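Within every chain, numbering begins at 1; the chains are lettered A, B, ... in the order of the sequence lines, protein sequences first and strands thereafter. Everything numeric in this text was worked out from a predicted model, so none of it was measured.
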Amino acid sequence: MAGGTRRRGILPVRGPYHLLRTLSCGQAFGWRVDGTGAAGVFAQRRIRLTPRRGAVEVDGLDDAASLERLAHYLGLDQPLRAIERELARDAVLARILRTTSGVAILRQDPWECLAGFVISAFNNIPKIELTLDRLRRRFGAPLPGGGYAFPQPEAIGAASERALRGCVLGYRAPYLRAVARRVSTGTLDLRAPFSLPYDEARRMLLDLPGVGDKVADCVLLFAYGRGDAFPVDVWVKRAVERWYFRGRAQAERRIREFARSRFGSLAGYAQQHLFVAARTTLRF
DNA sequence: ATTCAGGTGCGAG
DNA sequence: CTCGCACCTGAA
């Protein structure tokens, strides 16, 4: 491909925003992050993102509408300076923010986010990525510049369990297919959680097979922007127990309620910083 | 060969 | 309602 003719865009960045930290802290599965940037798919295009001084360089996209959507997806419009100043009133967060600062909350597509976290349950990251890659290749539309779109719920819903298990979904195959069918038939309205209170939106998601407390909160936070959601995974559980409960074990429900009441609408950000800090500094 | 991995569903008390 | 246990499967 000729060098100078490639589509390219620039997104301005302000505050402590940290692109690679945001893309590699486990909110989304689709990004391949290396030393200089991240590669993935957005707006039906294969793109590459590179952090620059005060900006994010976007290769593979140049129309204003897509770039604006990308900025929103990446959380570039979030007031991280003020958010982190508020979080730093908490002594634990004040300490760990020195190494976790700049994490924004992505605004992911609800279906893709939901599917990804259903697959993530009791799984490990390499295998989650293997599964998602196979699902894309087998059920996703091939993209112009290479790569595959994330499969539509119709495609997953129509797949045989055998074909899904071929994507190493294991026992999650029937869960994912059932969720896909509820979405594609309209039994589940994925726009509804945008306009529902936390508890109701959460109940809706919990009704889905393969969706429990943790996955529901992940989707509420990473797709619906519900900042009051606080997903409790094994790492966050360890972090909260160690740093807020003197190492004493607590039920996940108790941890979630403690954090939601302590951090309010910023609970989701608190969770991200605790998660990053736990994964990078805690050894168990 | 065993063990582990970013939870969930299910039955029991 | 809270608790304990089994669970597909690739990778170490």
Side-chain angles (χ1 to χ4, degrees), chain A residues 21-33 96 100 103 105-106 108 112-138 156 159-180 182 188 199 202-223 229-243 245 248-259 267-284:
Chain A
R21 212 169 266 167
T22 296
L23 291 179
S24 62
C25 65
Q27 322 180 43
F29 299 103
W31 296 97
R32 228 168 43 74
V33 176
I96 65 178
T100 66
V103 176
I105 305 292
L106 297 173
Q108 298 178 239
E112 181 171 349
C113 184
L114 177 58
F117 281 100
V118 165
I119 293 164
S120 78
F122 190 49
N123 211 337
N124 57 63
I125 290 162
K127 193 152 79 72
I128 294 165
E129 286 169 351
L130 174 64
T131 295
L132 289 168
D133 187 56
R134 290 199 186 176
L135 286 174
R136 284 176 179 277
R137 288 170 186 279
R138 294 176 80 131
I156 304 278
S160 68
E161 184 168 329
R162 177 184 171 75
L164 291 175
R165 279 180 180 263
C167 300
V168 283
L169 274 161
Y171 61 86
R172 306 169 193 83
Y175 297 159
L176 182 64
R177 187 170 61 174
V179 172
R182 286 213 222 170
L188 174 70
D199 291 305
R202 193 163 193 276
R203 252 198 308 281
M204 250 186 84
L205 295 171
L206 285 175
D207 188 48
L208 300 168
V211 177
D213 292 325
K214 190 264 186 180
V215 170
D217 281 324
C218 282
V219 176
L220 287 173
L221 182 58
F222 303 137
F230 188 89
V232 181
D233 61 64
V234 58
W235 290 101
V236 169
K237 182 171 189 291
R238 289 165 179 167
V240 172
E241 285 169 348
R242 175 167 294 193
W243 295 329
F245 290 92
R248 306 292 305 211
Q250 306 294 320
E252 289 168 16
R253 180 198 174 97
R254 187 169 155 77
I255 289 178
R256 180 173 66 249
E257 288 172 353
F258 164 78
Y269 287 96
Q271 189 270 3
Q272 283 298 283
H273 292 288
L274 290 166
F275 179 84
V276 173
R279 290 221 70 164
T280 54
T281 73
L282 287 186
R283 292 290 174 270
F284 289 88

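The distance from atom CG of Leu135(A) to atom P of dC8(C) is 18 Å, rounded to the nearest whole Å. Taking atom CG on Asn123(A) and atom C1' on dT3(B), their separation rounds to 15 Å, with Å as the unit. Whole-Å rounding puts the Ile125(A) CD1 to dA5(B) P distance at 11 Å. Between the CG atom of Leu164(A) and the P atom of dT9(C) there is a distance of 13 Å, rounded to whole Å. To the nearest angstrom, P of dT2(C) lies 10 Å from CZ of Arg256(A). Taking atom CZ of residue Arg238(A) and atom P of nucleotide dG6(B), one finds them 8 Å apart after rounding to whole Å.
Residues satisfying the side chain to side chain donor-acceptor pair (under 3.5 Å) test with Thr100(A), not counting sequence neighbours, are His273(A). Partners of Arg254(A) under the side chain to side chain donor-acceptor pair (under 3.5 Å) rule, at least two apart in sequence or in another chain, are Gln250(A). Considering only residues two or more places apart in sequence or on other chains, Glu252(A) meets the salt bridge (Lys or Arg N to Asp or Glu O under 4.0 Å) condition with none of them. Here Arg137(A) pairs with Asp133(A) under the salt bridge (Lys or Arg N to Asp or Glu O under 4.0 Å) rule; sequence neighbours left out. Every residue meeting the ring pair (Phe, Tyr, Trp, His ring centres under 6.0 Å) condition with Phe117(A), not counting sequence neighbours, appears here in chain and number order: Phe29(A), Phe222(A). The side chain to side chain donor-acceptor pair (under 3.5 Å) search around Trp243(A) returns none, not counting sequence neighbours. Partners of Arg203(A) under the side chain to side chain donor-acceptor pair (under 3.5 Å) rule, at least two apart in sequence or in another chain, do not exist in this structure.
Pairs engaging residues 162-172 of chain A under the side chain to side chain donor-acceptor pair (under 3.5 Å) rule: Glu161(A)-Arg165(A) [sequence neighbours left out]. Annotation: side chain to side chain donor-acceptor pair (under 3.5 Å) contacts involving residues 209-223 of chain A, sequence neighbours excluded, comprise Tyr198(A)-Asp217(A), Arg202(A)-Asp213(A), Arg202(A)-Asp217(A).
When heavy atoms are screened at a 4.0 angstrom cut-off, Arg165(A) is found touching the sugar-phosphate backbone but no base atom.
Separating the P atom of dG6(B) from that of dA12(C) is a span of 14 Å, rounded to the nearest Å. One C1' atom belongs to dA6(C), the other to dC4(B), and the distance between them is 15 Å to the nearest Å. Across the P atoms, dG11(B) and dC8(C) are found 15 Å apart, a figure rounded to whole Å.
Of all non-hydrogen atoms in Pro209(A) and Arg182(A), the two that sit nearest each other are CD-NH2, 3.5 Å.
Relative to the side chain of Phe275(A), the nucleotides dC3(C), dG6(B), dG10(C) differ in distance, and dG6(B) lies closest.
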Produce a footprint string for nucleotides 8-13 of chain B: one letter per nucleotide, 5' end first; B if the base is under 4.0 Å from any protein heavy atom, S if only the sugar-phosphate is, - if neither. SS----
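Using a distance-only test at 3.5 Å, with no hydrogens or angles considered, no donor-acceptor pair links the side chain of Gln108(A) to the main chain of Cys113(A).
Where pairing requires Watson-Crick or G-U contacts shorter than 3.5 Å, the helical stems of DNA chain C with at least three consecutive pairs are B:2-5 with C:9-12, B:7-13 with C:1-7.
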Polar atom pairs (N or O), protein with nucleotides 5-7 of chain C, under 3.5 Å:
none

